[in-house]
Structure formats: C-alpha cells, structure tokens
Amino acid sequence: MKGKDLFDRFGIQPNVRQSGSLELYLRCQVHFVRALFAELRSKTGLHWKQRLKAWKAGFSSHSWMLYELDRKDPGLYLADLRAVRRGYRVNGFYNPVLGNKLLLSRLLSAHGIPHPGVVSILLEGRLYEENSHLDPDMPRALARSLHRHPRQVFRPVLSGNGEGVFFLDRDDDGLFLNGKRTALEDVCALLMGLDRYLSTEFQEQAPYARRIYAGSTNTLRILTLWDEKSGKPFIAATVHRFGSSRSGPTDHWHRGRGGVCASVDLETATMGLAASQSADNRLIWTASHPDSGEPIEGVVVPGLERCASGVLEAAACFPFCPSIGWDVVLTGDGFSIIEANTMQGLSVMQVHEPLLRDPRTRAFYSRHGMV
C-alpha cells in the first residue's frame with residue numbers, strides 16, 4: 001500500500017511543507033549570487049581569459065590562483081562556485097541547526113559532546129545569565145557573570161568567518177576587551193547595543209598550540225562527510241589553523257585575513273608545511289609560525305586520535321547533516337567543539353590537498369551533484 005493511501009486510511013493530515021524544494025533552490029541561488037558579487041569585486045589580477053576558464057570549470061578566480069590550477073588538474077578539486085550553488089542543499093533545512101550556535105550548544109549538551117558552555121544570552125541589549133533570572137541592571141549582571149566566568153567569548157548566535165566575535169577577560173589588573181584594558185561601563189554600553197548574541201566559557205588550549213601562537217585560540221578544522229555504504233561518517237580532511245598578529249584574536253585564514261594553516265596527517269598526527277595569504281592574496285609557505293618563529297611542520301598534535309574519534313561520534317549524532325566542518329580546540333585534557341559549519345571553507349583544506357583525490361569524498365559530492 002502506498003504512503004498516501006496509508007495517510008488516508010489512518011486519517012493523517014499530509015504535511016504540505018515537507019518538500020520545500022523550491023525554497024531550498026532559492027536559498028542556494030541567494031548564496032550563489034552573493035558568491036558571484038564577491039567574485040566580480042575581487043582583484044586577483046587574473047587575466048580575463050584565465051578568469052573565464054576558471055568560471056567555466058566552476059572556480060572563482062581566487063581559488064584558481066590559490067590552487068595553481070593552470071598547472072594542476074582542476075578535476076581533483078571541488079569547485080567553490082559549484083559548491084556554493086549546490087552545497088546548501090546537502091544539509092537542506094537542517095542547515096540552521098549548525099548555523100544557530102545556541103541551538104547547537106543545546107544539542108551537543110544533550111549528547112554529552114565536549115563544547116564551551118553557554119554563560120549568557122544577549123537579547124535586545126539585555127543580559128540573560130544561563131540558569132538564572134533576568135537582572136535588569138546590566139553592570140550588576142555582567143559583574144556577577146564575570147565573577148563566575150572571568151574569561152568569556154562573545155559571538156553572534158548566527159554568524160560565520162569570525163564575524164562579530166570578541167573576548168572579555170577579568171583579572172586582578174582589571175577588565176580587558178580583546179586584550180585592551182577597558183572599563184565596566186564601556187563594556188555594558190557595548191553589550192546593550194547587541195542583540196542575538198551569546199557568551200561562552202573560554203577554552204584554554206593545549207600547551208603545544210599556545211607555544212606556537214598564544215595570541216589566539218588555535219583550532220582544528222575537521223571535515224566529516226557521510227558514507228552511505230557503511231552508514232557512518234568519515235573524516236575527509238583535517239587542517240590546523242593558527243592566528244597571527246594580522247588576524248587578531250581569531251585564527252581566521254580565509255582570503256588574506258592573516259591566519260596560518262597547516263595540513264594534519266591523521267595517521268602520524270604530524271603537521272605539514274603551513275600556508276598563509278598576504279593582503280594581496282599571495283600564497284606564502286612556511287615551516288614555522290611567522291610571528292613566534294616556533295616550528296609547525298613536523299610537530300606532533302597531541303591527543304589527535306582521541307579528538308578524531310570524538311568528532312566522528314559527534315557527526316554520528318547528526319545524520320541529518322551529512323556534511324559538517326567542525327572547529328575543534330585541543331585542550332590539556334581532551335578537546336572541545338567550538339563550532340560546526342555547513343559551509344566548510346574549502347580553500348583552507350584544498351590549499352594543502354585536493355578533496356576529490358579520495359574516492360569516498362568524490363563519491364559523496366557526486367551523489368549531491370557537486371562533481
């Protein structure tokens with residue numbers, strides 16, 4: 001008996017919003033149009049004939065230059081413009097589960113997955129402390145929150161690429177916002193102008209990462225995809241990002257924002273050569289951190305095996321999101337998931353190794369019409 005007949009037989013009202021294919025299609029087009037505008041505004045210096053060649057293959061001119069596709073096989077790389085156009089459909093209407101940091105925190109907590117605990121929520125300039133009643137007195141509420149959690153990270157509930165993130169620290173010497181001394185009343189004025197923000201506990205990174213660069217929380221970007229044959233997720237790529245004097249308090253790497261990234265070999269847990277981008281989008285390779293001078297290439301990432309297993313366990317809890325880019329910080333005693341991304345930032349991974357070289361990864365993206 002067909003599903004529709006069973007609905008009729010048992011008096012179930014059909015869900016007319018179940019498909020929503022048109023809405024998903026339109027959302028994909030919005031992402032694609034934004035990418036096109038960004039491409040038209042980009043100043044890569046690529047000759048127009050080469051730019052047309054890149055577009056025809058589905059790449060932005062920036063990616064074409066970054067991956068050096070004039071001398072490499074474009075067929076091994078997941079094309080970014082094509083991925084933007086179709087990528088939103090992979091997780092479909094479950095994309096907001098990953099994009100909403102408050103909702104994601106609740107789900108991670110429910111599954112017992114390590115992540116920074118939510119300290120407070122900001123709604124229309126009011127500070128709601130977690131598991132506490134609203135205190136309308138902002139200075140008093142903030143002082144109490146900082147007494148309980150002296151180091152906090154504030155970020156928009158809906159954001160990406162490190163946008164809107166800032167760090168607030170209190171110690172015996174006073175109050176510091178992104179490392180700069182400030183006054184409580186100035187912080188309160190800032191917070192009262194915010195909406196749909198949350199603050200979380202600051203995660204202290206492991207000594208190896210702090211030694212390489214102490215000015216930011218340095219994270220792993222781990223891409224998990226779903227293998228339909230085995231019915232389990234697998235890790236398609238792993239890179240380690242580090243901040244720099246140019247990137248500020250974050251380790252953001254994309255489009256010359258200053259961060260440094262290195263490939264990570266899961267079998268040996270060692271990092272390879274590190275890559276950074278200059279302000280004019282030139283690719284720079286280095287074996288050590290450009291600011292601290294500390295080695296990166298050949299350094300073993302402690303606790304990586306445990307972290308990789310934990311991320312796979314987390315991915316298995318999200319079968320409705322078969323493609324996730326996890327941002328993970330390794331701590332002294334384990335790991336903590338900072339974010340989960342539906343748009344995974346292909347360049348930070350493919351600058352080291354093309355994704356489509358792995359048959360499982362190619363099969364995944366082929367199933368979703370991205371290859």
**Item:** Donor-acceptor contact below 3.5 Å, side chain Asp5 vs main chain Asp8
**Value:** no
So ring-ring contact (aromatic ring centres under 6.0 Å, His included) across residues 333-371, not counting sequence neighbours, yields Trp285-His352, Phe364-His368
query = Just wondering, do Ile296 and Thr286 contact through their side chains at under 4.5 Å, heavy atoms?
reply = no
Only one of Val119, Ile338, Thr200, Asp169 passes side chain to side chain contact (heavy atoms under 4.5 Å, CB included) with Val153, and that residue is Thr200
Item checked: pair Leu225-Ile324: side-chain heavy atoms closer than 4.5 Å -> no
(Q) Check this for me: Arg126, atom CZ, are more than 12 non-hydrogen atoms of other residues, nucleotides or ligands nearer than 6.0 Å? (A) no
Q. Cut-off 3.5 Å, side chains only: do Asn341 and Trp326 have a donor facing an acceptor?
A. no
To the nearest 0.5 Å, atom CG of Leu104 lies from atom CG of Leu107 at 6.5 Å
Query - Hphob cluster co-occupancy, Leu223 + Met370, side-chain heavy atoms under 4.5 angstrom - result: yes
### Query
Quick one: does Asn95's side chain have a donor or acceptor within less than 3.5 Å of a partner on Gly92's backbone?
yes
Practice problem: Indicate whether any N or O donor in one side chain lies under 3.5 Å from an N or O acceptor in the other, for Ser63 and Ser60. | Solution: yes
### Query
Regarding His289 and Ser244, is there a side-chain donor-to-acceptor distance under 3.5 Å anywhere?
no
*asked:* Taking atom NZ as the centre, does Lys232 end up with more than 12 heavy-atom neighbours from other residues, nucleotides or ligands that are less than 6.0 angstrom away?
replied: no
Apply side-chain contact (heavy atoms from CB on, under 4.5 Å) to residues Cys261 and Val351 and explain how you reach the verdict. CA-CA 9 Å; Cys261 74; Val351 71; 4.1 Å; yes
One should read off an interatomic distance between Leu266 CG and Ile235 CD1, to the nearest 0.5 angstrom, of 5.0 Å
Practice problem: With the side chain counted from C-beta on, respond yes when Val328 and Arg221 share a heavy-atom pair under 4.5 Å apart, and no when they do not. | Solution: no
In short, Ser288 meets Gly293 closest at the heavy-atom pair CB-O, 3.6 Å
Inset, instruction - Please check if atom CZ in Arg367 has more than 12 non-hydrogen atoms from other residues, nucleotides or ligands closer than 6.0 Å. - result: yes
Query raised in the report: Are Trp55 and Trp48 connected, step by step, through hydrophobic side chains (Ile, Leu, Val, Met, Phe, Trp, Tyr) whose heavy atoms are closer than 4.5 Å?
Result: yes
CG of Leu312 to CZ of Phe234, rounded to nearest 0.5 Å, is 10.0 Å
Mark yes when over 12 heavy atoms from residues, nucleotides or ligands other than Arg89 sit less than 6.0 Å from its CZ; otherwise mark no. yes
Exercise. Does Leu220 share a hydrophobic cluster with Phe318, counting links as ILVMFWY side-chain heavy atoms below 4.5 Å and allowing steps through other members?
Worked result: yes
dist Leu330:CG -> Arg306:CZ (nearest 0.5 Å) comes out at 10.0 Å
Is there a path from Leu127 to Leu123 through hydrophobic residues (I, L, V, M, F, W, Y) whose side chains come within less than 4.5 Å of each other?
-> no
Within-4.5 Å side-chain heavy-atom neighbours: Leu346 and Leu355 = yes
**Message:** Test your reading of the model: is there a side-chain donor-acceptor pair from Asp195 to the backbone of Gly125, 3.5 Å cut-off?
**Reply:** no
Report task. Please find out if less than 6.0 Å separates the ring center of Tyr213 from that of Phe242. Result -> no
| query | Is it true that Glu163 and Arg155 have a side-chain N and a carboxylate O under 4.0 angstrom from each other? | reply | no
Separation between CZ (Phe166) and CG (Asn178), nearest 0.5 Å, reads 8.0 Å
Here the gap from Asp333 atom CG to Glu204 atom CD, rounded to the nearest 0.5 Å, amounts to 11.5 Å
Requested in this report: Please report the C-alpha distance between Met271 and Ser263 in whole Å, then the side-chain angles of each, then the deciding distance to 0.1 Å, and finally whether the side-chain contact (heavy atoms from CB on, under 4.5 Å) criterion is met.
Outcome: CA-CA 6 Å; Met271 290 187 283; Ser263 61; over 6 Å; no
Determine, stepwise, if the pair His115 / Glu339 fulfils side chain to side chain donor-acceptor pair (under 3.5 Å). CA-CA 9 Å; His115 69 287; Glu339 287 186 5; over 6 Å; no
Checklist entry - Does Asn91 reach the side chain of Phe320, with side-chain heavy atoms less than 4.5 Å apart? => result no
Closest non-hydrogen atoms of Val239 and Val264, given as atom of the first, atom of the second and distance, are C-CG2, 4.0 Å
Q: Could you tell me whether the side chain of Ile284 reaches within less than 4.5 Å of the side chain of Ser278, counting heavy atoms only?
A: yes
Heavy-atom closest pair (Leu76 atom, Gln350 atom, distance to 0.1 Å) is O-OE1, 4.4 Å
message: Atom CD of residue position Glu185 - does it have more than 12 heavy atoms of other residues, nucleotides or ligands inside 6.0 Å?
response: yes
| request: Starting from the C-alpha separation in whole Å, work towards a yes-or-no answer on side-chain contact (heavy atoms from CB on, under 4.5 Å) for Leu198 and Leu122. | output: CA-CA 6 Å; Leu198 58 79; Leu122 275 164; over 6 Å; no
Is there a salt bridge (Lys or Arg N to Asp or Glu O under 4.0 Å) between Lys72 and Glu353 once you walk through the steps?
CA-CA 12 Å; Lys72 295 180 181 178; Glu353 182 75 15; over 6 Å; no
* **Distance flag, aromatic centroids of Phe154 and Tyr197, threshold under 6.0 Å** => no
Asp251 side chain to Thr219 side chain, donor-acceptor N/O pair below 3.5 angstrom
yes
Practice problem: Take Tyr128 and Val118 through the side-chain contact (heavy atoms from CB on, under 4.5 Å) test and state the conclusion after the steps. | Solution: CA-CA 11 Å; Tyr128 293 80; Val118 173; over 6 Å; no
Closest heavy-atom pair, Ser216 versus Pro249, reported as atoms and distance to 0.1 Å, is CB-O, 3.3 Å
Next item on the list: Count the heavy atoms of every other residue, nucleotide or ligand shown that sit under 6.0 Å from NE2 of His47, and state whether that count exceeds 12.
Entry: yes
Exercise for the section: Following the transitive rule for hydrophobic clusters with a side-chain heavy-atom cut-off under 4.5 Å over Ile, Leu, Val, Met, Phe, Trp and Tyr, establish whether Ile222 and Val90 coincide in one cluster. Expected result: no
Closest heavy-atom pair, Arg210 versus Gln205, reported as atoms and distance to 0.1 Å, is NH1-O, 2.8 Å
TODO: Evaluate the side-chain proximity of Arg362 to Val371: yes if any heavy-atom separation is below 4.5 Å, no if none is.
DONE: yes
Would you say Ser145 and Ser120 are linked by a side-chain donor-acceptor pair, where the criterion is simply a distance under 3.5 Å? no
Nearest heavy-atom contact between Cys188 and Pro139 is SG-CA, 3.6 Å
Would you please test Arg241 and Asp327 for salt bridge (Lys or Arg N to Asp or Glu O under 4.0 Å) and show each step? CA-CA 10 Å; Arg241 300 178 301 187; Asp327 290 343; 3.0 Å; yes
Pairwise side-chain contact, Glu124 with Leu194, heavy-atom cut-off 4.5 Å (strictly under): no
Is it the case that more than 12 heavy atoms not belonging to Tyr208 sit under 6.0 Å from its OH atom?
yes
Exercise. For the pair Glu201 and Arg151, find out whether any cationic side-chain nitrogen is under 4.0 Å from an anionic carboxylate oxygen.
Key: no
**Prompt:** What do you reckon, is CZ of Arg196 surrounded by more than 12 foreign heavy atoms closer than 6.0 Å?
**Reply:** no
Are the charged groups of Glu68 and Arg282 less than 4.0 angstrom apart, N to O? no
